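These figures come from a predicted structure and were not determined experimentally.
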Amino acid sequence: MFVGRADEQVKIRGFRIEPGEVQTVLAAHPALAQAAVTVREDTPGDKRLVAYIVAEHDDNTSGDLAQSVREFAAERLPGYMVPSAFVVLDEMPVTVNGKLDEKSLPAPDHSTVSGRGGGAAGVLEETVCAAFAQVLGLSDVGLEDDFFALGGHSLMAIGLVEQLRVRGVSVSVRDIIGHPTPTGLINTLNLSSVQDALSGVLPIRTQGDKPPLFFVHPGGGLSWSYRPLARHIPEDVPVYGLQADGLDGVTPLSNSVRQMAAAYIERIRAVCPSGPYQLVGWSFGGVVAHEMALQLQAAGVQVAALVLMDAYPFERTADDQGHGTVAGPGQKTDVAQTLEELRAEMGHVLGGLSDEELALLAGVYHNNGYLMSKHEPGRFDGHALLLVAEEGKTASTSHGAKWKPYISGEISEAVLPCNHHDMARPDMLERAWSAMAEWMRTVRP
């Protein structure tokens, strides 16, 4: 075990730190054989504390070990003493005298081996983590990473406020100081903290001269989950999300999927008066997108693309006589179960919402489920792409067959390695867009 001298103090971001003291804490981790902590200045003027660790056994993956050691350190050290990166090595480089060869220690790759907190699970997490990373000059920031432990300071916090504002999130420097991790900051937010959070059309990207893409919200009514797609979709393609009525507590809830689709068509035609239109919907949103395609086609307007993201028609049982199995408006529902389902859809976002906002979300969610159970789809005369979340499904099943009575053309399928709710993870959205782009290149309406 390499341990620094007690008098080897360094000053980082105004704090005096003894790397040897940090090493001693890391040495107590049961899975480590060796640890070394040093100060690096890979960018002039930017000193960072970096930990190098060697596993006791070779059955630990580097990412799991780095994360475990970081959490171990965070529980025992103040935030400013937790290293900004944890680099897993097979063995420590040593000099001919058997001492640590600091010059041979590799520079950390913050995007892969930092061992920081887990990646963003949803759109707001993605947005906040991206702002943290840009201000800190890092390629990646995790949900539990401390802004100040990663090198942030009060002046940079002002820059973070501005970066978040540009991304549509309103916070103060006081919020960042009191809640310096992405998760902590997100948990201070409410719906009003996010610009255009409740508008009927969520402008994800307004620039571009190509036909726009319109994404229909899932059951919760919000289209925030689509924001990470902006980094993957070409910059000349505008991107908009369609959001449900009723989230503001003022506008009435929709009475049917058909009514909702008609209202959404008015919104997209206000943005783009003429077709061809490209429609995408995840979960409940796929059912609405399908109905929009039907109504546009009936009006003589071209639908260039219809993409259904793990979305399927409501399946009625033989004994429900077409009445559906979803609780209708005003009927008693399981609030705890509803919140759990919304958390699966929205990630950590719910942490900052008030009881009133949660009640509005729950109301929209249940109403959308009820409308889906009552909806009788028509038949769209065209092709469609179905993105299938494969986890929890039977591999041999043709999921596109569920749509065959309602789509006359070819139903292409692309499989994603995730479950239904994880389809909105930023990494899955990247895969989803790759499948969409390939399909759009090869299939014409």
Quick one: side chains of residues 206-213, donor-acceptor pairs under 3.5 Å with protein atoms, not counting sequence neighbours, listed by atom name and distance.
residue	atom	partner	partner atom	Å
Lys210	NZ	Asp236	OD2	3.0

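Nearest heavy atom pair, residue Ala305 against residue Trp439, reads CB-CZ3, 3.9 Å. Residues Met440 and Val307 come closest through the heavy atom pair CE-CG2, 4.2 Å. Considering every non-hydrogen atom in both Pro377 and His375, the closest pair reads CD-O, 3.5 Å. Contact between Tyr312 and Leu387 at its shortest, heavy atoms only, is OH-O, 4.5 Å. Across all their heavy atoms, Phe132 and Thr181 have their closest contact at CZ-C, 4.0 Å. Taking all atoms of both residues into account, the shortest heavy-atom contact from Gly246 to Leu360 is O-CD2, 3.8 Å.
A donor-acceptor pair under 3.5 Å is formed between the side chain of Ser199 and the backbone N or O of Val201. For Asn367 (side chain) and Leu253 (main-chain N/O), no donor-acceptor pair under 3.5 Å exists by modelled atom type. Checked by atom type and distance alone, the side chain of Arg205 pairs as donor or acceptor with a backbone atom of Val237 at under 3.5 Å. Judged by distance alone, the side chain of Ser434 and the main-chain N or O of Glu430 form a donor-acceptor pair under 3.5 Å. Remark: side-chain polar atoms of Asp422 are not paired, donor with acceptor, to backbone N or O of Asn419 under 3.5 angstrom. Checked by atom type and distance alone, the side chain of Lys393 pairs as donor or acceptor with a backbone atom of Ala389 at under 3.5 Å.
Note that OH of Tyr226 and CG of Leu202 are 11.0 Å apart. Values are rounded to the nearest 0.5 Å. Atom CG of residue Leu185 and atom CG of residue Leu143 lie 11.5 Å apart, to the nearest 0.5 angstrom. One distance of note links CG of Leu65 with CZ of Arg70; it measures 14.0 Å at 0.5 Å rounding. To the nearest 0.5 Å, atom CD of residue Gln302 and atom CG of residue Leu296 are 11.0 Å apart. For the atom pair OG1 (Thr127) and CD (Gln163), the distance works out to 12.0 Å, reported to the nearest 0.5 Å. From Ile411, atom CD1 reaches atom CG of Leu308 across 8.0 Å, with rounding to the nearest 0.5 Å.
Here the side chains of Glu376 and Tyr406 are not in contact, with every heavy-atom distance at 4.5 Å or above. Residues Leu229 and Ile204 fail the side-chain proximity criterion, which asks for heavy atoms closer than 4.5 Å. Val257 places a side-chain heavy atom less than 4.5 Å from the side chain of Phe284. Residues Trp282 and Ser223 fail the side-chain proximity criterion, which asks for heavy atoms closer than 4.5 Å. Inter-residue side-chain proximity for Arg431 and Met428 is flagged as met; some heavy-atom pair is nearer than 4.5 Å.
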- Message: Does Glu438 form a side chain to side chain contact (heavy atoms under 4.5 Å, CB included) with Arg441? I'd like the steps, not just the answer.
- Response: CA-CA 5 Å; Glu438 178 62 26; Arg441 280 194 295 268; 2.7 Å; yes
- Task: Give the C-alpha distance, both sets of side-chain angles, the deciding distance and a yes or no for side chain to side chain contact (heavy atoms under 4.5 Å, CB included) between Leu279 and Ile268.
- Result: CA-CA 10 Å; Leu279 308 174; Ile268 68 174; 4.2 Å; yes
- Item | Check against side chain to side chain contact (heavy atoms under 4.5 Å, CB included), Met436 and Met309 | CA-CA 10 Å; Met436 289 184 221; Met309 297 177 60; 4.1 Å; yes
- Message: Before you tell me yes or no, could you show the steps for His290 and Leu294 under side chain to side chain contact (heavy atoms under 4.5 Å, CB included), namely the whole-Å CA-CA distance, both residues' side-chain angles and the distance that decides it to 0.1 Å?
- Response: CA-CA 6 Å; His290 176 264; Leu294 278 170; 3.7 Å; yes
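Scored by the side chain to side chain donor-acceptor pair (under 3.5 Å) test, Ser172 finds Asp175 as partners (sequence neighbours excluded). For Tyr277, there are no ring-ring contact (aromatic ring centres under 6.0 Å, His included) partners at least two apart in sequence or on another chain. Qualifying side chain to side chain donor-acceptor pair (under 3.5 Å) partners for Arg269, counting only residues two or more places apart in sequence or in other chains: none. Partners of His399 by side chain to side chain donor-acceptor pair (under 3.5 Å), not counting sequence neighbours: none found. Residues passing the side chain to side chain donor-acceptor pair (under 3.5 Å) test with Glu390: none are found, sequence neighbours excluded.
Between Tyr240 and Phe214, the ring planes are parallel. Angles under 30° get that label, and only those over 60° would be called perpendicular. Between Phe72 and His29, the ring planes are perpendicular. Angles over 60° get that label, and only those under 30° would be called parallel.
The side chain to side chain contact (heavy atoms under 4.5 Å, CB included) test with Tyr264 is passed by exactly one of Gln243, Gln259, His217: His217.
Residue-environment remark: CD (Glu162) exceeds the threshold of 12 foreign heavy atoms within 6.0 Å.
Between the side chains of Ser412 and His383, not a single donor N or O lies within less than 3.5 Å of an accepting N or O.
Using a 4.0 Å cut-off between charged nitrogen and carboxylate oxygen, Asp245 and Arg267 count as a salt-bridge pair.
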